[in-house]
Each structure stands twice: as structure tokens, then as C-alpha cells.
Amino acid sequence: MVSLENPLVQKVCNLYEKISSLESLKPSKDVDMLLTHLVATCTSPNPIDVTKLCTRIQEIRANLIKLCGEAEGHLESHFSSILGSFEKPLDHLSLFPYYNNYLHLSQLEFNILSKHCPNLPTKVAFVGSGPLPLTSIVLASFHLTSTYFHNYDVDPSANSMASKLVASDPDLLKRMVFHTTNIMDVTDELKEFEVVFLAALVGIDREEKVRVIDHLAKYMAPGATLVVRSAHGARAFLYPIVDPCDLQGFEVLSVFHPTDDVINSVVIARMHPTLQPIQCLQQPLLSPF
């Protein structure tokens with residue numbers, strides 16, 4: 001059992017107290033400083049297993065993930081608004097402080113996808129695209145340059161901001177579609193996609209995440225690929241964990257845990273409706289590239 005005596009846990013809990021006491025999580029000097037410190041703390045090498053945290057620290061972790069999700073939403077909206085003020089927003093994406101992280105993560109996901117999907121997809125869905133859909137933009141611009149991307153988000157203002165970012169690019173304007181809907185209301189349409197990406201913050205707790213995954217398993221086409229973002233080690237203070245046993249109906253092909261500035265783990269699974277239920281493993285499956 002991991003308790004407050006653990007130095008990393010102490011540091012995370014101290015940062016949680018400061019972050020949770022802020023009046024607003026919109027970008028500001030204090031918010032930026034605390035979140036930068038938190039990310040640096042959680043991406044430093046540490047073998048901590050958050051599933052073994054005591055009950056009190058588990059509660060703090062769950063609350064911290066929600067706070068980070070809220071702050072991330074504000075940050076993306078803030079920079080989407082800034083980028084949208086330019087005549088050609090896509091020429092200024094590097095203004096976003098985590099743009100390089102998205103470049104690295106998208107490259108990683110493309111490399112793993114290419115290993116397991118020899119034929120590049122013609123149609124991709126991204127669930128939880130938000131106001132700053134950098135994964136779709138980066139993949140469409142540099143890796144999947146003829147693929148059509150259907151971006152799903154429940155927030156109409158997020159989709160409005162996102163649409164504005166690609167409006168000045170004739171190619172992306174043609175290949176990027178934005179749907180304002182809850183993915184739980186999307187059914188047979190999911191069969192059209194060879195690959196579905198599930199954003200890390202869609203399903204903020206395990207129960208909600210599993211409901212979304214089960215829904216995708218019900219409607220995705222046999223043989224289609226699901227890309228799920230997860231977290232491992234101390235990074236799980238920032239994002240929810242997706243265990244391979246949460247992917248019922250899918251054949252887990254690869255789980256990759258980063259050790260650099262990339263925060264999210266990447267889980268790749270193939271839709272397999274006749275697959276037997278997956279048993280939870282004590283140790284996560286690890287298969288880089």
C-alpha cells in the first residue's frame with residue numbers, strides 16, 4: 001500500500017492542495033506554474049503503482065484528474081481562440097505550449113498503427129476532439145495525408161472553434177468533419193471507420209470509460225482498430241488508466257508506456273466480437289513498436 005510517506009505522493013498531494021484552492025483554472029501565471037510543476041513531477045522516472053495507493057490518496061488522484069481535465073479544457077480553448085485570430089491558424093500551432101508533445105505522440109501512434117495496420121485507413125474517428133484537435137490536425141497533415149477525419153465532441157462551442165482552425169486550409173477543410181454529439185448516441189455510423197481514437201479524458205473515471213469502450217465494441221466494424229490513450233506510473237495522477245481487461249470485445253495488440261516528454265500511454269486493440277472475455281493481468285502488457 002502506497003501512502004503519504006512516499007516522497008512523490010507527498011509532492012503531488014501538496015500540489016493538489018494548491019491547485020484545488022485556486023479560484024479559477026483558466027490560464028494564468030499561478031495555474032500555469034502549478035500545472036507545469038505537476039506535469040514535471042509526474043513525468044519524472046518513478047516506478048509507483050497508483051493502483052496500490054491508500055483510499056485517501058486514491059480520492060485525491062480522482063479529484064486531481066478532474067481538475068487537470070478542466071484546466072486542459074480551458075487551456076485548449078484559450079489557445080484555440082488565439083490561433084483562430086490569425087488568417088492562417090495552422091501556421092502558428094507552435095504557440096501552443098504542448099504542441100511538441102502532440103507531435104511526438106502522433107508520431108508514436110502512427111508508428112504503432114502502421115505496424116498493426118499495413119493498409120492506411122481512409123476514414124478515422126476521433127472521440128473527444130475538443131476545441132484544439134491537434135492529434136487529428138497533425139495526423140492529417142503529416143502522416144495520414146489522404147484520410148478523412150470525423151471529430152466528435154459534445155460541446156458545440158468546441159467544435160465551432162476547432163472548425164475555424166482548419167477553415168483556411170482547403171485540404172483539411174475537405175477532410176476534417178466535426179460532429180456535435182455524444183458518442184454514446186452514435187451507433188451504426190461507427191462501422192464506417194477503420195480506426196477510432198478515444199481521447200484520454202473521455203470517461204473521466206473507469207466506470208464511464210468502460211461504458212464508452214463497451215459502446216464502441218458494440219458498433220465498430222469487425223477488424224477495425226481502437227486507439228486508446230491511457231496513463232502509467234506517476235502519469236496516472238494526470239489521466240485515467242485503461243487496463244487491457246477494460247477492452248472487452250477487442251484483441252489487445254500493443255500497449256506502449258512512454259519514458260520521455262510524452263504523457264499518455266497508447267493502447268492499440270482490434271475489434272473482435274467473438275473474442276473471449278479478457279482476464280485482468282497483474283502486469284500491463286508492454287509492446288513498443
Q.
Donor-acceptor check, side chain of Ser21 to backbone of Lys18, threshold 3.5 angstrom: yes or no?
A. yes
Q | Lys123 atom NZ, neighbour heavy-atom count above 12 within 6.0 Å | A | yes
Q: Please check if any side-chain donor atom of Glu72 sits under 3.5 Å from a side-chain acceptor atom of Tyr239, or the reverse.
A: yes
Q. Got more than 12 heavy atoms from elsewhere within 6.0 Å of NZ, Lys191?
A. yes
Q. Of all heavy-atom pairs between Val255 and Pro244, which one has the smallest distance, and what is that distance?
A. CG2-CG, 4.4 Å
Q. Salt bridge (Lys or Arg N to Asp or Glu O under 4.0 Å) with Asp171: which residues, sequence neighbours excluded?
A. Arg175
Q. Mind checking whether Val195 and Val177 sit in one hydrophobic cluster, side chains of I, L, V, M, F, W, Y counted as touching below 4.5 Å?
A. no
Q. How far does CG of Leu132 sit from OH of Tyr98, to the nearest 0.5 angstrom?
A. 13.0 Å
Q: Give a yes or no answer on whether the side chain of Ser254 reaches the backbone of Ile268 with a donor-acceptor pair at less than 3.5 Å.
A: no
(Q) Is a donor from one side chain sitting under 3.5 angstrom from an acceptor on the other, for Thr122 and Glu194? (A) yes
Q) Is the shortest heavy-atom distance from the side chain of Leu139 to the side chain of Thr147 under 4.5 Å? A) no
Q: Please check if the side chain of Ser85 supplies one atom and the backbone of Ile82 the other of a donor-acceptor pair under 3.5 Å.
A: yes
(Q) Please report the interatomic distance CZ(Phe149) to CZ(Phe193), rounded to the nearest 0.5 Å. (A) 11.5 Å
**Q.** Any donor-acceptor N/O pair, Ser106 side chain to Leu103 backbone, under 3.5 Å
**A.** no
Q. Where the side chain of Ser160 meets the backbone of Pro156, is there a donor-acceptor pair that is under 3.5 Å apart?
A. no
(Q) Quick check on the hydrophobic clustering: are Met176 and Leu173 connected, directly or via other members, by side-chain heavy-atom contacts under 4.5 Å? (A) no
**Q.** Arg61 side chain to Ala236 backbone, donor-acceptor under 3.5 Å
**A.** yes
Q. Are His104 and Asp260 linked by a side-chain donor-acceptor pair shorter than 3.5 Å?
A. no
Q | Linked, directly or transitively: Phe126 and Met161 (ILVMFWY side chains, under 4.5 Å) | A | no
Q) Do the side chain of Thr36 and the main chain of Met33 share a donor and acceptor less than 3.5 angstrom apart? A) no
Q) Using the ring of each side chain (for Trp, its six-membered ring), is Phe79 parallel, tilted or perpendicular to Phe96, with breaks at 30° and 60°? A) perpendicular
(Q) Can you confirm whether Ser157 sits close enough to Pro131 that some side-chain heavy atom of one is under 4.5 Å from a side-chain heavy atom of the other? (A) no
Q. Is there side-chain contact between Asp214 and Val210, with heavy atoms separated by less than 4.5 Å?
A. yes
Q: Measure from the side-chain N and O atoms of Asp153 to the backbone N and O of Gly130, and report whether any donor-acceptor pair falls under 3.5 Å.
A: yes
Q. Are Leu53 and Leu67 co-members of a hydrophobic cluster defined by side-chain heavy atoms under 4.5 Å apart?
A. yes
Q | Aromatic ring pairing Tyr219/His215, orientation class (parallel under 30°, perpendicular over 60°, tilted between) | A | tilted
Q: Indicate yes or no for a side-chain donor-acceptor contact from Ser114 to the backbone of Phe110 under 3.5 Å, with no hydrogens or angles considered.
A: yes
Q | Glu251 (side chain) donor-acceptor with Gly223 (main chain) under 3.5 angstrom | A | no
Q | salt bridge (charged side-chain N to carboxylate O under 4.0 Å, His left out): pairs with one or both residues in residues 215-232, sequence neighbours excluded | A | Glu109-Arg229
Q.
Within the 3.5 Å criterion, strictly below it, is a donor on Gln107 or Asn111 matched to an acceptor on the partner's side chain?
A. yes
Q. Is there a salt bridge (Lys or Arg N to Asp or Glu O under 4.0 Å) between Arg56 and Glu59 once you walk through the steps?
A. CA-CA 5 Å; Arg56 173 58 185 146; Glu59 292 173 353; 3.6 Å; yes
Q: State whether a side-chain donor-acceptor pair under 3.5 Å links Glu189 with Tyr152.
A: yes
